[in-house]
Amino acid sequence: SIMLACPTVSELALVNSGSKHGKALGRSRIPGEAYAHSSFELAVLEHSLYVKTFLTLRPHLQWRGGVLCELYKGKGSSSLISNYRDIVLSDSSAKTLGKIVRKALLLTARAFSLETQFGSGLNGGETTITHLYVRNLHHVAHARNRSLSPLFLDISSAFATMVRHLAFSVEAGDGVW
């Protein structure tokens, strides 16, 4: 149930207490140091916003912002995309929401994930066998004149790159909130 996935004040306080120091301010103008120092007090103040977001699946405008950037890892050729990682520059509260949503999604994903998932499970392991298996499925579907659409879920990094466009309808105005 969605009500069970709603964060408690204690969960918010726990996430707030781990806020990083020395990061740039977001739209709320509340630095990570304030979240770390007054984690419970800020969790009490913001709890209703998190519950409303979970129940309506519509975060408020300031949480829908942010900029997705690619950050060079500092090793290897800077011309290879594999030497970059995605980062999201956004408000601290939006990042807290992301952590809580990821935790809820992981619990659900683990319930549907097989133990091994061809050797990787939810631990990001080797994917060679999966690649060969899916390729074989495509060959079988083609030979039988059937269509095939595999669905790949990358729950470790897809959240940062897709959730704002798929789950939170960035194009919708703040009037729906």
Side-chain angles (χ1 to χ4, degrees), residues 1-71 73 84-117 119-125 151-177:
S1 158
I2 190 102
M3 285 301 293
L4 295 175
C6 285
T8 65
V9 173
S10 298
E11 289 172 325
L12 284 176
L14 182 64
V15 174
N16 285 347
S17 67
S19 295
K20 295 181 181 177
H21 296 257
K23 299 293 182 178
L25 298 177
R27 290 181 176 176
S28 69
R29 303 282 189 227
I30 302 173
E33 291 85 353
Y35 279 103
H37 182 266
S38 302
S39 58
F40 185 78
E41 292 83 357
L42 285 169
V44 169
L45 291 172
E46 294 182 336
H47 183 253
S48 61
L49 287 174
Y50 286 95
V51 171
K52 183 177 180 180
T53 298
F54 265 74
L55 294 178
T56 63
L57 297 177
R58 293 247 183 242
H60 63 84
L61 183 61
Q62 289 79 4
W63 290 0
R64 284 186 264 152
V67 178
L68 179 66
C69 300
E70 292 175 341
L71 180 67
K73 293 178 183 177
Y84 287 81
R85 66 181 181 95
D86 290 338
I87 62 167
V88 178
L89 304 175
S90 65
D91 193 74
S92 297
S93 297
K95 290 181 182 181
T96 299
L97 174 67
K99 290 175 187 175
I100 292 169
V101 168
R102 267 193 299 277
K103 180 182 172 189
L105 289 176
L106 276 173
L107 291 174
T108 303
R110 286 190 202 289
F112 292 104
S113 176
L114 300 175
E115 269 303 306
T116 62
Q117 290 291 312
S120 62
L122 294 175
N123 301 318
L151 176 63
F152 297 94
L153 302 175
D154 179 2
I155 61 172
S156 62
S157 64
F159 187 84
T161 57
M162 298 300 291
V163 75
R164 295 193 191 287
H165 297 287
L166 295 178
F168 294 140
S169 182
V170 175
E171 289 77 42
D174 200 36
V176 296
W177 178 254

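The first residue of the sequence shown is numbered 1, and numbering continues consecutively from there. Remember, predicted model here, so these are calculated numbers, not experimental data.
Partners of Ser38 by side-chain hydrogen bond (donor to acceptor under 3.5 Å, both in side chains), not counting sequence neighbours: none found. Every residue two or more places apart in sequence or in another chain that forms a ring pair (Phe, Tyr, Trp, His ring centres under 6.0 Å) with Tyr50 is listed here: Trp63. Residues satisfying the ring pair (Phe, Tyr, Trp, His ring centres under 6.0 Å) test with Tyr84, not counting sequence neighbours, are Tyr72. Scanning for side chain to side chain contact (heavy atoms under 4.5 Å, CB included) contacts around Val9 gives Phe40, Ala43, Val44, His47, with sequence neighbours left out. Applying the side chain to side chain contact (heavy atoms under 4.5 Å, CB included) rule to Glu11 yields the partners Pro7, Thr8, Lys103; only residues at least two apart in sequence or on another chain are considered.
Residue Leu42 holds its CG atom at 8.0 Å from OG of Ser93, rounded to the nearest 0.5 Å.
Annotation for Leu55 and Cys6: closest pair CD2-SG, 3.9 Å, computed over non-hydrogen atoms.
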Donor-acceptor list for residues 17-26 side chains, cut-off 3.5 Å, not counting sequence neighbours:
unit_1	atom_1	unit_2	atom_2	d
Ser17	OG	Leu14	O	2.6
Ser19	OG	Asn16	O	2.8

Derivation and outcome, side chain to side chain contact (heavy atoms under 4.5 Å, CB included), residues Tyr35 and Glu46: CA-CA 11 Å; Tyr35 279 103; Glu46 294 182 336; 2.8 Å; yes
